[in-house]
Number of protein chains: 2
Amino acid sequence: MRRAATIKDVAAAAGVGLATVSRVLSGTGSVSPATRDRVLAVAKELDYRPSAIGRSLKLQRTGSIGLLVPDITDPFCAELAAGVLDCARTLGEHVILDVAHDDPEREGEIVDRLVEQRVDGIIAIPGSGDGAVWRDAARVVPVVFAGRGLPGLPSVVADDRSGVRAVVEYLVGLGHRRVAFLGGHVSVAAGPEREQAFRDTLAELRVPVDDDLVVRARSTADSAFAAAASLFQRRSDVSAVLAASHLLGEAAVLAARGLDLRVPADVSIAMIDDMPWAELCDPPLTVVARPARDMGYRAAELLLRDPARRERGRPVVLATELIVRGSCGPPAGLPGGSARSSRTR
Amino acid sequence: MRRAATIKDVAAAAGVGLATVSRVLSGTGSVSPATRDRVLAVAKELDYRPSAIGRSLKLQRTGSIGLLVPDITDPFCAELAAGVLDCARTLGEHVILDVAHDDPEREGEIVDRLVEQRVDGIIAIPGSGDGAVWRDAARVVPVVFAGRGLPGLPSVVADDRSGVRAVVEYLVGLGHRRVAFLGGHVSVAAGPEREQAFRDTLAELRVPVDDDLVVRARSTADSAFAAAASLFQRRSDVSAVLAASHLLGEAAVLAARGLDLRVPADVSIAMIDDMPWAELCDPPLTVVARPARDMGYRAAELLLRDPARRERGRPVVLATELIVRGSCGPPAGLPGGSARSSRTR
DNA sequence: ACTATGATTGGAAACGTTTCCAAAAGGTCT
DNA sequence: AGACCTTTTGGAAACGTTTCCAATCATAGT
């Protein structure tokens, strides 16, 4: 692995000037077929690879974008990242990935480093911080948010309100009147918006909102489980629960199982965000899915090829989809309720 | 967002030479406290951000590594990527991520582009190709493989043989004699090594290997499901199945459920690679876990700070762990077998 | 006072590209 | 043969750093 050949080496070996080699390789300008062939041959011979560094320096753009997510092992983030990669690939851009673990300070550091790298832009799933970091960042480099937006800055988000409304309508339509909401400050969205949408929809449907049935967990798995379990124990009359994130949904499923509640005979469970395991659950979980991959793709598109629209800063809103599987049914004791629907507690 | 300040601007504004600014900012050499403070103040004032491009050009290293995986939405890949990011962060390196979808041609393109970017090295989970791409790549840039190795090239892999042996011993210990192997050419490992280990272990334990019970699926979910379903239907006497990858495990679970086989009463299921959903399954799945995150971390370490060891090209082998959950039990009809273990077919 | 020593400082080269500009070369027309 | 295009070519500057080297400066020792 000795020193890589430079354009200068190629020029010398081919007996032409640097400029000519550059022209041949970039296909611009005019070169005689003879020299073109010679240069090409020499370049191949020397295994010449143009240096993106040299080019970036001259061209003042790197062809890389930054992608900042809270946690790449989170399936939502991963799916979104896949969308970004898809789009970046078609546009010939590289993607520098980093994770911030929902820590604003770390978000700041990463942004700084990306700026030093002179990325052409940044796509971020922002953490739960107050967004100060991001308002600063957006002054220095183009930023597009995905999954969660910040007021006034460009973003690609899902229509959470409609998603929540759809699933709440579905549950109420099945006959549920005591529907719980399991929310909390979980990193990948699930801010207060979903809770608000939950309350609003219930109000619209003239179902009284029982404040005791909306619980908020902190963003650890333990806290989520504790919240779900205590909800089930405290209120054995809940007939359905909507989990505001996949972590909370997981907690609900586990808590129900731990308490020997049958799903959906004893309690119906629905969750926001589709996950691979939702289908493998027994019964498979009914969810409202956000189009994570699309969101990533659109975010990249917005960042790289739609500067005008980006400047306007208005969120691009993508539709969610209610995916009905087997985890929701009519409440216990209602006509249509399963025969074994008496609680075992 | 006007033109960013350069070191030259800072030098001019502070009334010093470029070299001095560079020294202040990089902390090398000696500068008087007075000038140091002045330069620092001016730099802050101008919001100066050193350009990594300029530095990279001069220093002939970029501080970036490439990470190439088949699919970032695969939890194994994602977990491994998280490990790489962890290590890269502690070493101050950036990670350029790309996905090849198990396509050797695309792997090649990506490698070429990474080489043009002058990455300091590449970490790859290679696809199922013959490795020609990678032998070429390794001549041009340091490469470390993770998850799956290539003979003669440095890699960090899991001790698959021991993992397979552990789970097969466990199953046979439970009393199983007709153990099926669900294998195939799935992108994230599951080559012929696991099948071989399966056969070897059975032989060691003096359990006859029934060739009809080792089936191979292609790497699509459909093919995996079909293979699993047809196995269960064709051979109602299998009492346990070992799935060689998480896709195959998923297929086994779904196929069993579709045929109303109870797990583990009717059939025991075990799988290679732990997945988030394995715990959420009902019953939770017994698996042999590869330390994906560690593998990523170690691979990055090997690439960045252990060139000597890397040169030697011998694989770093990490231990697997058998995680016993609830999906395996004694075979039907054996003392200890559950009361409801009569097949419902 | 003069030199030796050490701490500071700045100029300039180098890293690998792209591109402007002018020069050279080749051709056509009067 | 000269003037005039057009095509092809190469030199040189610029992009933003780092670092070698030499120069300057102050301080202390003789």
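To find a chain, count down the sequence lines: A is the first, B the second, and so on, and within it residues start at 1.
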Next on the checklist: What is the separation between atom CD on B:Glu116 and atom P on C:dT18, rounded to the nearest whole Å?
Outcome noted: 10 Å
Checklist entry - When you measure from the side chain of B:Ala19, which nucleotide among D:dG10, D:dT19, C:dT17 comes out closest? => result D:dT19
Checklist entry - At under 4.0 Å between heavy atoms, what does B:Thr35 touch on the DNA or RNA strands: base, sugar-phosphate, or nothing? => result sugar-phosphate
Next on the checklist: What I want to find out is whether A:Arg139 reaches A:Asp136 closely enough, with some N-O distance under 4.0 Å, to be called a salt bridge.
Outcome noted: yes
Checklist entry - Expressed in angstrom and rounded to an integer, what is the separation of B:Arg23 atom CZ from C:dA7 atom P? => result 14 Å
Checklist entry - Taking for each residue the nucleotide of DNA chain C bearing the nearest heavy atom, is the 5' side occupied by A:Pro50 or by B:Val16? => result B:Val16
Item to check | Which residue lies more 5' along DNA chain D, comparing A:Ser30 with B:Thr6 via nearest heavy atoms | outcome: A:Ser30
Next on the checklist: Looking at B:Arg49 and A:Glu116, is there a salt bridge between them, counting it only when a charged N and a carboxylate O are closer than 4.0 Å?
Outcome noted: no
Checklist entry - Given C:dC15, D:dT9, D:dA13, which nucleotide is nearest the side-chain atoms of A:Thr20? => result D:dT9
Checklist entry - In whole angstroms, how far is the P atom of C:dG16 from the CD atom of B:Gln117? => result 16 Å
Item to check | Value in whole Å for how far the C1' atom of D:dT7 lies from CZ of A:Arg36 | outcome: 14 Å
Checklist entry - Looking at A:Gln60, does any N or O in its side chain come under 4.0 Å of the phosphate oxygens OP1/OP2 on D:dG16? => result yes
Checklist entry - Base, sugar-phosphate, or nothing: which does B:Gly54 touch, judged by heavy atoms less than 4.0 Å apart? => result base
Checklist entry - Taking atom P of D:dG11 as reference, at what distance in whole Å does atom NZ of A:Lys8 sit? => result 12 Å
Checklist entry - Mind checking whether A:Arg118 and A:Val141 have side chains closer than 4.5 Å, heavy atoms only? => result no
Next on the checklist: So, OP1 or OP2 of C:dT9: does either fall under 4.0 Å of a side-chain N or O from B:Ser32?
Outcome noted: yes
Next on the checklist: Distance check needed: D:dT18 P versus B:Leu59 CG, whole Å only.
Outcome noted: 7 Å
Next on the checklist: Do A:Thr35 and A:Val24 make a side-chain contact, defined as non-hydrogen atoms from C-beta onward lying under 4.5 Å apart?
Outcome noted: no
Item to check | Integer-rounded Å distance: C:dG16 C1' and A:Asp9 CG | outcome: 10 Å
Checklist entry - Contact class for A:Ile7 (heavy atom, under 4.0 Å): base, sugar-phosphate, or nothing? => result base
Checklist entry - So what does A:Ser22 hit on the nucleic acid, given a heavy-atom distance under 4.0 Å: a base, only sugar-phosphate, or nothing? => result base
Item to check | Side chains of B:Arg36 and B:Leu40 in contact at under 4.5 Å (non-hydrogen atoms) | outcome: yes
Next on the checklist: Taking atom types as they are modelled, would you say the side chain of B:Arg118 forms a donor-acceptor pair with the base of C:dG16 within the 3.5 Å cutoff?
Outcome noted: no
Checklist entry - Out of C:dT17, C:dA14, C:dT9, which nucleotide sits closest to the side chain of A:Tyr48? => result C:dT17
Next on the checklist: Please determine whether any donor N or O and acceptor N or O are separated by less than 3.5 Å between the side chain of B:Arg49 and the base of D:dG16.
Outcome noted: no
Next on the checklist: Side chain of A:Leu18, heavy atoms from C-beta onward: which of C:dT9, D:dT18, C:dT17 has the nearest atom to it?
Outcome noted: C:dT17
Checklist entry - Is there a donor-acceptor pair under 3.5 Å between the side chain of B:Asp120 and the backbone N or O of B:Gly63? => result yes
Item to check | Whole-Å distance separating the CD1 atom of B:Ile53 from the P atom of D:dT18 | outcome: 13 Å
Checklist entry - A:Thr28 near the nucleic acid: base, sugar-phosphate alone, or nothing, with a heavy-atom cut-off under 4.0 Å? => result nothing
